[in-house]
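What follows is a set of notes on a single structure, which appears directly below.
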Amino acid sequence: MEIRLFNSWSDQIESFTPIQPGQVSLYVCGPTVYDFVHIGNMRPVVVFDVLRRLFEYLGYQVTYVSNYTDIDDKIIAKAMSEHRSEREVAEFFITAYEDNVNRINSKLPTATPRVTEFVSEIVAYIKGLVDKGAAYVVDGEVFFQVSSIPDYGHLSHMKTDDLIVGARVEESGKKKSPLDFFLWKKTEKGLSFDSPWGKGRPGWHTECAVMIDSIFKEKIIDIHGGGFDLKFPHHDNEIAQSLAQHGTRLANIWMHNGFINLNDDKMSKSTGNILTAKDALATIGGPALRLMLLSTHYRLPVNFNQSFLETARAEVNKMTAAIKQLAVTLQLAGRDIEGRYPLLIDDFIKALADDLNTSNALTSVYDLIKLAHRSLRENKPDYERMGSYFFTLKTMFHILGLDINYPRLTEDDRSLFERYQAKKAARDYEGSDPLRTELIRRNIL
RNA sequence: GGUUCCUUAGCCAAGUGGUAAGGCAAUUGACUGCAACUCAAUGAUCGUCGGUUCAAUUCCGAUAGGAACCUCCA
């Protein structure tokens, strides 16, 4: 199966070829853990999880790394204002974040390294950049010299001359150029680490480059992902460091997810137009929230509003009802629902393999649900076919990460259902209605 | 100023150089003891104006409106 992915590096859809056959190395920039994340942070969590599940379904072994930035100015500020250690602050918000990841039914990455665990590797990496003449030390701080990279800004189509003209950054007197960025920052308060340049902490742009360098064997990985906003400067800066260090662009494929807007506006803390992931999960629920994120192509912005939310809920109900009815019908007919049946999943996989076209993949889901309902209404049901619909649907939900369950009937459930049907057939509605209520309570009907 | 992106029925949304998938909502019908679920049917000259073409929603140009990045914001 050919997998095609849009590569921000080339601005084209490319056929994916792994560096190591049968394996995929994937890195996605993770959160800075100084506060509760908002729903926007859930988009990469869902998008790259689906990508990983697709690869795994197709038999690839996926190494998926996503970092936690557990030391930076905001964390230090938070720690000081709350009289806690930076470590406690980070720990608290990592736990909260992973709870969100679980509730939206994404798998945790195969590794979630923290910056504070990689300080010695970061120091060694920075030393290497200084030795190679790509970085310079000024007064206990180390800066990356952007001008040492001829093609700097390739990913974001930024030209250094334009950047300098439009730079809104106030020039730091220490930097040779306003575009140069911190690799090592001197800190006077809060948690700091020893280095050859004095006490300080790593710069944000350098941590991702170092983790990829340390964790993966190759000097270039298959896929690097993150939000659109990270393209510049963050990803271009990662690339610049890797070019200086190893002469590689860090990742073959660069993927960027679009943003989530709220009621047609960008989410922003200052205007209060914000929805935290934990609140969204509590009120909307994991499956509906995940479905909202999957109903639009990952590169386009998605706008959250009330009617969209209600649509997602209705669709989740529809999916739930379909798989439940299939499961119950099959079990009452004595079929094994945990077994394997033929899959009718080609169109679905093809859609996902086409740059993760989840909209079209969902269309395959709806098509199958329609077929399933038709088969449920037949007078002489073909249970083999029904089992195939069930198994396919279950597999699709698994790949999309939609946590939609179906009942496993106990003997008691079965007998209850049979009594209900018997009374109903005998038109004893007074007798059957309480049984129906109980079946509904048990989530069987 | 520089760089990207978006505009398809009330809402969400796919797609292609040859006259527009799917879902939600709505209306009608079917099924039904009632309800839920379900099934069937019904809706769009694809922002506007030009150009290329036998043919454009799809390519090119312009224009209107909207958005993002250039600020350690996914």
Side-chain angles (χ1 to χ4, degrees), chain A residues 8 11 28-32 34 37-48 69 72-75 153 155-170 178-179 181-182 185 203-205 207 225-234 236-237 256-261 264-270 274 277 291-292 295-297 299-315 317-322 324-325 347 351 354 357-367 369-370 372-374 376-377 424 427-430 432-433 436-437 440 445:
Chain A
S8 300
D11 270 335
V28 178
C29 296
T32 301
Y34 70 101
V37 296
H38 55 68
I39 48 172
N41 295 273
M42 290 293 104
R43 195 146 189 212
V45 167
V46 169
V47 165
F48 294 105
T69 301
D72 90 322
D73 289 345
K74 285 187 210 144
I75 294 172
L155 184 69
S156 56
H157 307 286
M158 296 291 178
K159 292 189 169 54
T160 51
D161 291 347
D162 296 336
L163 282 167
I164 290 167
V165 169
R168 283 183 256 166
V169 203
E170 54 188 273
L179 298 181
F181 54 91
F182 279 111
K185 184 167 186 171
W204 179 52
H205 302 305
E207 68 186 64
F228 255 101
D229 58 325
L230 295 183
K231 244 180 174 181
F232 192 88
H234 185 55
D236 262 317
N237 286 351
H256 294 96
N257 62 272
F259 269 37
I260 296 174
N261 294 324
D264 287 319
D265 274 317
K266 182 179 175 175
M267 279 191 285
S268 147
K269 282 191 182 177
S270 55
I274 197 138
L291 188 63
M292 289 171 86
S295 61
T296 306
H297 188 86
R299 282 190 276 127
L300 298 175
V302 53
N303 183 44
F304 273 36
N305 57 45
Q306 193 59 32
S307 67
F308 185 28
L309 166 60
E310 279 155 17
T311 299
R313 279 200 180 120
E315 287 169 340
N317 287 342
K318 184 174 167 156
M319 292 174 183
T320 308
K324 180 162 77 177
Q325 286 173 29
D347 288 346
D354 180 19
N357 193 326
T358 47
S359 306
N360 281 339
L362 284 167
T363 296
S364 295
V365 172
Y366 296 126
D367 286 348
I369 287 175
K370 187 161 287 187
H373 281 304
R374 281 194 194 137
L376 283 163
R377 285 164 64 89
K424 199 177 154 200
R427 297 181 177 269
D428 174 11
Y429 301 121
E430 297 211 350
S432 72
D433 280 354
R436 179 169 76 179
T437 306
I440 290 170
L445 199 64

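Throughout, protein chains are lettered first and strands after them, A, B, ... in sequence-line order, and every chain is numbered starting at 1.
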Holding to side chain to side chain contact (heavy atoms under 4.5 Å, CB included), I want the full list of residues that pass it with [X], two or more places apart in sequence or in another chain.
X      : answer
A:L309 : A:I284, A:M292, A:Q306, A:R313
A:D11  : A:F6, A:H157
A:R377 : none
A:N303 : A:N261, A:D264, A:N305

Counting only side-chain heavy atoms from C-beta out, which of [options] sits nearest to [X]?
X      : options                : value
A:P233 : B:rU38, B:rU3, B:rC72  : B:rC72
A:M267 : B:rA74, B:rA14, B:rG2  : B:rA74
A:K318 : B:rG23, B:rA14, B:rG33 : B:rG23
A:F232 : B:rC69, B:rA21, B:rC24 : B:rC69

Over all strands shown, is [X] touching base, sugar-phosphate only, or nothing at heavy-atom distances under 4.0 angstrom?
X      : answer
A:L362 : nothing
A:H256 : nothing
A:K159 : nothing
A:D433 : base
A:R436 : base
A:E310 : nothing
A:G226 : sugar-phosphate
A:F259 : base
A:G258 : base

Letter by letter from the 5' end, nucleotides 26-32 of chain B scores (B base, S sugar-phosphate only, - none; protein heavy atoms under 4.0 Å) -------
By the Watson-Crick or G-U definition, both distances under 3.5 Å, B:rG17 is matched with none
With sequence neighbours left out, the residues meeting salt bridge (charged side-chain N to carboxylate O under 4.0 Å, His left out) with A:R43 are none
Separation of B:rA67 atom C1' from A:R299 atom CZ, nearest Å, is 16 Å
